[in-house]
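Remember, it's a predicted structure, so these values are computed and weren't measured experimentally.
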Amino acid sequence: MNYEIIKNLIDNNRYNEALAKLDILIAQNPNDDEAYYIKGKVYQRLSQWGNAIKTYNKAIELNPESKAVTALDMLYDILKSINNNIIST
């Protein structure tokens, strides 16, 4: 299975199918930081913040230079903004 299939599913908002395929990839290669990074992106699109954070952290644990580092920083900025908007209303 390649990432193009998964990215196509994500682009077509078929997130549950993408997550299922990512789970298969991770089961086959538990050290695949790219799979965890992409899985984190799917969780983020689903607004499953906790799952996104955990999954990004796993990618970073496997590869400290993973794209998940930037994605996690951006997610924290988004969550801070959401929190600030809630507090100020």
Side-chain angles (χ1 to χ4, degrees):
M1 181 182 327
N2 66 38
Y3 287 113
E4 288 306 312
I5 293 168
I6 294 169
K7 289 177 182 178
N8 189 331
L9 290 170
I10 294 167
D11 290 342
N12 289 291
N13 301 321
R14 294 167 61 186
Y15 301 124
N16 290 331
E17 292 173 70
L19 287 172
K21 294 203 180 297
L22 286 162
D23 286 340
I24 292 168
L25 279 177
I26 290 168
Q28 293 171 344
N29 183 3
N31 295 319
D32 186 350
D33 65 283
E34 182 74 7
Y36 284 102
Y37 163 69
I38 295 170
K39 189 173 182 180
K41 286 175 50 175
V42 173
Y43 281 135
Q44 187 169 337
R45 285 191 182 193
L46 293 169
S47 299
Q48 294 183 17
W49 312 122
N51 286 333
I53 291 167
K54 283 189 253 183
T55 309
Y56 285 148
N57 278 325
K58 181 63 178 179
I60 295 165
E61 176 186 317
L62 294 170
N63 176 9
E65 296 178 10
S66 167
K67 293 182 267 185
V69 173
T70 303
L72 184 60
D73 286 342
M74 291 173 62
L75 177 55
Y76 281 137
D77 287 343
I78 291 166
L79 294 175
K80 285 178 195 172
S81 176
I82 291 170
N83 189 43
N84 287 339
N85 287 338
I86 290 171
I87 291 172
S88 55
T89 56

D73: salt bridge (Lys or Arg N to Asp or Glu O under 4.0 Å) partners, not counting sequence neighbours = none
Say whether Y37 and V69 are linked into one hydrophobic cluster, either directly or through other cluster members, by side-chain heavy-atom distances under 4.5 angstrom.
-> yes
Sorted by chain and number, sequence neighbours left out, side chain to side chain contact (heavy atoms under 4.5 Å, CB included) with N57 holds for I53, I60, L72
Nearest heavy-atom contact between L62 and P30 is CD1-O, 3.6 Å
Verify same cluster id: W49, M74 (apolar side-chain graph, 4.5 Å) | no
Counting only heavy atoms not in N16, do more than 12 sit closer than 6.0 Å to its CG atom?
-> no
Is there a chain of hydrophobic side chains (I, L, V, M, F, W, Y, each step under 4.5 Å between heavy atoms) that links Y36 to L75?
-> no
Can you measure from NZ (K41) to CG (L22) and round to the nearest 0.5 angstrom?
-> 10.5 Å
Measuring from D32:CG to I38:CD1, what's the distance to the nearest 0.5 Å?
-> 8.0 Å
Are Y56 and Q44 linked by a side-chain donor-acceptor pair shorter than 3.5 Å?
-> yes
For the student: nearest non-hydrogen atoms of V42 and A18, plus distance | CG2-CB, 4.5 Å
How long is the span from the CD atom in E65 to the CG atom in D33, to the nearest 0.5 Å?
-> 10.0 Å
Has the side chain of N2 got a donor or acceptor atom that lies under 3.5 Å from a matching backbone atom of E4?
-> yes
Residues A59 and A68: closest non-hydrogen pair is CB-CB, 3.7 Å
Do the charged groups of K39 and D23 touch, with an N to O distance under 4.0 Å?
-> yes
Taking atom CG of L46 and atom CG of N51, what is their separation to the nearest 0.5 Å?
-> 9.0 Å
So how far is it from Y15 OH to R45 CZ, rounded to the nearest 0.5 Å?
-> 4.5 Å
Would you kindly confirm whether I26 and I5 end up in one hydrophobic cluster when ILVMFWY residues are joined by side chain heavy atoms under 4.5 Å apart?
-> no
